*Asks:* 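Handing you this structure, nothing more for now.
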Amino acid sequence: MSREIRITPSILNADFQNLDYEIGRIAAQSDLIHLDVMDNIFVPNFTFDFQRASEIIHSCPIPVDAHLMVADVDHIAPAYAETGCASVTIHAEATRNVGATLRSIRKAGARAGLGIKPGTSIEDYSEFIDDVDMFLIMTVEPGFGGQSFMHSMMDKVQRTRSIIGDRPIWLQVDGGISLDTISEAAQAGADVFVAGSAVFKADNPSEMINSLRKLADSVVN
Ligand code: DX5
Ligand code: ZN
């Protein structure tokens, strides 16, 4: 089955003091920029508050895919849609009312993403499928870039692909995606790939994105 491949570089490991430059040098090769929002509560790390995130979203030349790793995300999630994100992903583990929050993201004009941590079962959340535009299967524990890809998540990716069936829902993987792991994730059924350190630690980040895309494409299409 042929699928459109999307590469969404994470700026978590980019130079936060020079984000315009960092984003500028990969924007042309990227489908969306993946913005990791962490609150030091849901995960043991902090990146941006809403105000700083909004500034980044407003100055970003391409669409933004916000990955909200924040506790009690129900109220803030639609604000990320309203401020201009193309896609807003909430974590099932951090959301009180999953269905209503997904619908409020859509209503505010963004694609609604539902993410789960490695220990969370996708079957527990498949009932929300009609409110979901993208599932995110974490392939590391959320919180930090540069961790090792969890091969053991591929079974979950496959099961999620089966649950999606022929619906136009994207299936994103996040964590440890590199030239060594992207083919396996694509084979399992992923079509949206977050890559942080693989891109920003590369000598040539934009070429790395092209190489990642080529590999995933050759598996799927
Ligand atoms: C981890 C973040 C990821 C991270 C990926 O919690 O959600 O987006 O930046 O970084 P790499 O690609 O280095 O694993
Ligand atoms: Zn992320």
Side-chain angles (χ1 to χ4, degrees), residues 5-16 19 22-23 26 29-48 53 56-57 60 63-71 73 76-77 80 85-95 105 110-120 133-154 156-157 170-186 190-203 205-206 208-209 211-213 215-216:
I5 296 298
R6 292 181 172 83
I7 310 287
T8 59
S10 160
I11 56 171
L12 186 60
N13 275 344
D15 175 4
F16 279 11
L19 275 184
E22 294 279 71
I23 292 173
I26 57 157
Q29 288 74 29
S30 309
D31 293 288
L32 301 101
I33 294 294
H34 182 86
L35 186 69
D36 288 303
V37 182
M38 304 185 185
D39 65 350
N40 210 14
I41 300 171
F42 180 64
V43 289
N45 193 6
F46 182 86
T47 53
F48 316 107
I56 298 168
I57 293 157
C60 189
V64 172
D65 164 40
H67 177 193
L68 304 183
M69 286 162 276
V70 303
V73 74
I76 197 75
Y80 277 88
C85 289
S87 175
V88 178
T89 297
I90 56 171
H91 265 272
E93 306 86 354
T95 313
I105 292 168
R111 297 176 60 90
L114 182 60
I116 54 172
K117 300 206 287 186
T120 303
D133 296 304
M134 178 171 83
F135 282 114
L136 161 60
I137 304 301
M138 290 302 300
T139 42
V140 298
E141 286 296 340
F144 300 93
Q147 303 181 75
S148 298
F149 179 79
M150 296 171 71
H151 297 273
S152 56
M153 291 299 114
M154 294 305 95
K156 198 199 284 189
V157 172
W170 297 355
L171 177 47
Q172 184 177 55
V173 282
D174 182 5
I177 295 296
S178 69
L179 293 175
D180 293 332
T181 59
I182 194 167
S183 303
E184 190 180 343
D191 56 4
V192 184
F193 302 86
V194 179
S197 39
V199 168
F200 281 99
K201 291 202 160 80
D203 291 338
S206 58
M208 175 56 73
I209 296 168
S211 304
L212 289 166
R213 186 190 302 283
L215 268 180

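Indexing begins at 1, ligand by ligand and atom by atom, following the structure's order. This is a predicted model, so every value here is computed, not measured. For this chain, numbers begin at 1 and follow the sequence in order.
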*Asks:* Under a 4.0 Å heavy-atom cut-off, which residues neighbour ligand 1?
*Replies:* Ser10, Leu12, His34, Asp36, Met38, His67, Met69, Met138, Pro142, Gly143, Phe144, Gly145, Gly146, Asp174, Gly175, Gly176, Val194, Ala195, Gly196, Ser197
*Asks:* Does any N or O in the side chain of Asp31 come within less than 3.5 Å of the main-chain N or O of Thr8, such that one atom is a donor and the other an acceptor?
*Replies:* no
*Asks:* What's the verdict on side chain to side chain contact (heavy atoms under 4.5 Å, CB included) for Ile56 and Ile23, showing C-alpha distance, side-chain angles and the deciding distance?
*Replies:* CA-CA 10 Å; Ile56 298 168; Ile23 292 173; 4.2 Å; yes
*Asks:* Do any protein N, O or S atoms sit under 2.8 Å from the Zn ion (ligand 2), and which ones are they?
*Replies:* His34 NE2, Asp36 OD1, His67 ND1, Asp174 OD2
*Asks:* Examine the side chains of His67 and Asp65 and answer whether a donor and an acceptor come within less than 3.5 Å of each other.
*Replies:* no
*Asks:* Would Val173 and Phe149 count as a side chain to side chain contact (heavy atoms under 4.5 Å, CB included) if you check the C-alpha gap in whole Å, the side-chain angles of each, and the deciding distance to 0.1 Å?
*Replies:* CA-CA 10 Å; Val173 282; Phe149 179 79; 5.6 Å; no
*Asks:* Any side-chain heavy atom of Leu212 sitting closer than 4.5 Å to one from Leu179?
*Replies:* yes
*Asks:* With heavy-atom distances below 4.5 Å as the criterion, would you say the side chains of Asp174 and Asp36 are in contact?
*Replies:* yes
*Asks:* Among Val70, Val73, Leu68, Thr47, which one satisfies side-chain contact (heavy atoms from CB on, under 4.5 Å) with Asp39?
*Replies:* Val70
*Asks:* Is the shortest heavy-atom distance from the side chain of Ile209 to the side chain of Ser30 under 4.5 Å?
*Replies:* yes
*Asks:* Tell me whether the guanidinium CZ or amine NZ of Lys117 lies under 6.0 angstrom from the six-membered ring centre of Phe42 and within 45° of its axis.
*Replies:* yes
